[in-house]
Protein chains: 2
Amino acid sequence: MTLSRLILGLLSLAPMTGYELKKHFDATVNHFWSADKAQIYRTLAALVKDGFCVAETVQQDGLPSKQVHRITEHGRAALLEWLETESSPDAERNAFLGRVFFAGQLDKEQLHKLFDRRRETARNYLASLQEQLAASPAANPGEALFFQLATLRNGIRHVKAELEWLADIEKELV
Amino acid sequence: MTLSRLILGLLSLAPMTGYELKKHFDATVNHFWSADKAQIYRTLAALVKDGFCVAETVQQDGLPSKQVHRITEHGRAALLEWLETESSPDAERNAFLGRVFFAGQLDKEQLHKLFDRRRETARNYLASLQEQLAASPAANPGEALFFQLATLRNGIRHVKAELEWLADIEKELV
DNA sequence: ATCTACTAGTGGACTTGTCAACTAGTAGAT
DNA sequence: ATCTACTAGTTGACAAGTCCACTAGTAGAT
């Protein structure tokens with residue numbers, strides 16, 4: 001459901017191929033929803049079958065032909081309906097916290113490795129999110145770009161929270 | 001993988017039935033990993049098949065008979081190995097942020113509904129996590145309970161970050 | 001000359017997780 | 001007397017997502 005609506009959302013901004021959708025996912029959506037390309041192509045086929053978008057094959061010279069997908073009125077309606085419905089909170093899935101939960105069974109060295117690695121990835125991730133944000137033009141509150149950047153800022157807030165938590169825990173563990 | 005190791009983790013604390021595992025998941029693991037009971041029973045069967053735990057049927061009077069699962073040495077080794085391996089960061093999956101990403105297409109009323117609902121659920125969730133934490137006895141850094149509570153404190157940090165982010169965004173949107 | 005990456009997409013196998021129904025006895029509430 | 005919840009577990013169908021291999025031409029790098 002979510003993937004199909006996110007695809008409709010991207011198609012509502014511009015007609016696109018599955019290949020381009022994958023690029024957009026990796027570049028701007030990845031921090032809250034990642035998508036496998038096989039999954040994208042299959043979902044796209046389902047959207048066409050449901051009449052939410054239409055595909056047009058475009059021949060190119062020197063490159064493989066491509067299928068440009070365009071959202072339909074029906075598709076726009078489905079997107080809007082989804083935007084307006086309450087999102088049941090996604091189940092948290094955090095394997096790292098699973099390791100922490102049982103970390104009493106680790107020796108000191110492994111314990112510090114666990115937290116150190118987490119801190120490292122969090123720091124790198126924070127840097128990449130901040131770069132993305134800095135690379136974007138400024139947005140006025142309310143316009144489309146503002147909301148897209150808002151999701152980035154959400155990610156940044158959360159990674160910072162993670163780093164603060166790590167600092168707390170590591171301090172207590174001396 | 002993760003579910004099977006979390007089950008092994010719980011079994012490493014005490015032998016248990018699938019039914020009890022489900023209770024433990026709902027009570028203490030849910031904030032970072034939720035588990036469906038069908039999934040628990042199937043994973044448990046796989047763990048037995050792999051020799052990571054053994055099942056013993058216990059007859060009860062007045063109640064259905066139950067299968068108590070006990071972790072084996074082999075299972076403890078598998079758990080430890082998992083604890084020591086690096087967790088590849090779980091893909092973020094946040095349908096709410098998906099709605100935010102395209103929220104430029106909503107009218108003012110729907111927009112505020114989107115954020116208001118999120119704030120409400122976040123507040124309630126925060127309260128429930130804090131209650132859980134307050135209801136726990138104090139833990140000394142390094143002991144098993146400390147790490148279990150650390151996962152709760154992680155959740156609290158993150159929900160607070162979410163609320164701060166919401167306040168930022170709502171302020172900017174006037 | 002070979003290797004890699006990019007463009008554009010397809011197909012199969014597989015894992016993980018979700019939902020709902022079903023069995024069956026006990027105990028408490030209305 | 002009926003309804004609901006608890007205990008304990010099983011099964012089937014399905015949805016969603018992942019991984020890998022494959023096609024096939026172009027262009028740049030070593």
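We name chains A, B, ... by the order of the sequence lines, and we start the count at 1 in each one.
Considering all non-hydrogen atoms of both residues, B:Pro15 and B:Arg70 come closest at CG-NH1, 3.4 Å. The two atoms that bring B:Trp33 and B:Asp90 nearest to each other are CZ3-OD2, 4.1 Å, heavy atoms only.
Straight-line distance from the CG atom of B:Asp36 to the P atom of D:dT10: 14 Å, rounded to whole Å. When the P atom of D:dA8 is taken as reference, atom OH of B:Tyr41 falls 8 Å away, rounded to whole Å. One interatomic measurement links the two molecules: CZ of B:Phe25 to P of C:dT16, which rounds to 14 Å at whole-angstrom precision. As rounded to whole Å, 13 Å separates atom C1' of C:dA8 from atom CD1 of A:Ile40. Put simply, NZ on A:Lys22 is 10 Å from P on D:dC19, counting in whole angstrom units. Between the C1' atom of C:dT15 and the CG atom of B:Leu47 lies a distance of 15 Å, rounded to the nearest Å. Remark: P of C:dA8 and NE2 of A:His69 are 13 Å apart, rounded to the nearest angstrom. Rounded to a whole Å, the CG atom of B:Leu21 is 9 Å from the P atom of D:dG9.
Contacts of A:Thr43 with the nucleic acid, taken as non-hydrogen atoms under 4.0 Å apart, are absent. Residue-level contact check: A:Ala38 touches the bases, meaning some heavy atom is under 4.0 Å from a base atom. At the heavy-atom level, B:Thr2 lies nowhere under 4.0 Å from the strands shown.
Shown here is B:Gln60, whose CD atom has more than 12 heavy atoms of other residues, nucleotides or ligands within 6.0 Å. The local environment of NZ in A:Lys160 is sparse, with at most 12 non-hydrogen atoms from other residues, nucleotides or ligands closer than 6.0 Å.
Remark: D:dT30 base-pairs with C:dA1. Criterion, Watson-Crick or G-U wobble with two distances under 3.5 Å. For C:dG17, the paired base is D:dC14 (Watson-Crick or G-U wobble, both distances below 3.5 Å).
Looking at A:Phe101 and B:Leu6, their side chains never come closer than 4.5 Å, going by heavy atoms from C-beta outward. A:Ile169 places a side-chain heavy atom less than 4.5 Å from the side chain of A:Phe115.
Comparing B:Thr17 and A:Arg42, the nucleotide of DNA chain D nearest to each residue sits closer to the 5' end for B:Thr17.
Across C:dA8, D:dA16, D:dG17, the shortest atom-to-atom separation from the side chain of B:Arg93 is found for D:dG17. When the nucleotides C:dG17, D:dC19, D:dT11 are ranked by their closest atom to the side chain of B:Trp33, C:dG17 comes out on top. Listed candidates were C:dA13, C:dT7, C:dG17. Nearest to the side chain of A:Lys23 is C:dT7.
Using a 4.0 Å cut-off, no side-chain N or O of B:Tyr19 falls inside it from OP1 or OP2 of D:dG9. The phosphate of C:dG17 (OP1 or OP2) has a side-chain N or O of B:Gln39 nearer than 4.0 angstrom. Within the 4.0 Å cut-off from OP1 or OP2 of D:dA8, at least one side-chain nitrogen or oxygen of B:Gln60 is found. Regarding contacts with the backbone of D:dA8, every side-chain N or O of B:Gln67 stays at 4.0 angstrom or more from both OP1 and OP2.
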Between the protein and nucleotides 21-26 of chain C, which nitrogen or oxygen pairs are less than 3.5 angstrom apart?
none

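Relative ring orientation between A:Phe96 and A:Trp165 is described as perpendicular, the plane-to-plane angle rising above 60° on a 0-90° scale split at 30° and 60°.
Between B:Asp168 and A:Arg157 there is a salt bridge, since at least one side-chain N of the basic residue sits less than 4.0 Å from a carboxylate O of the acidic one.
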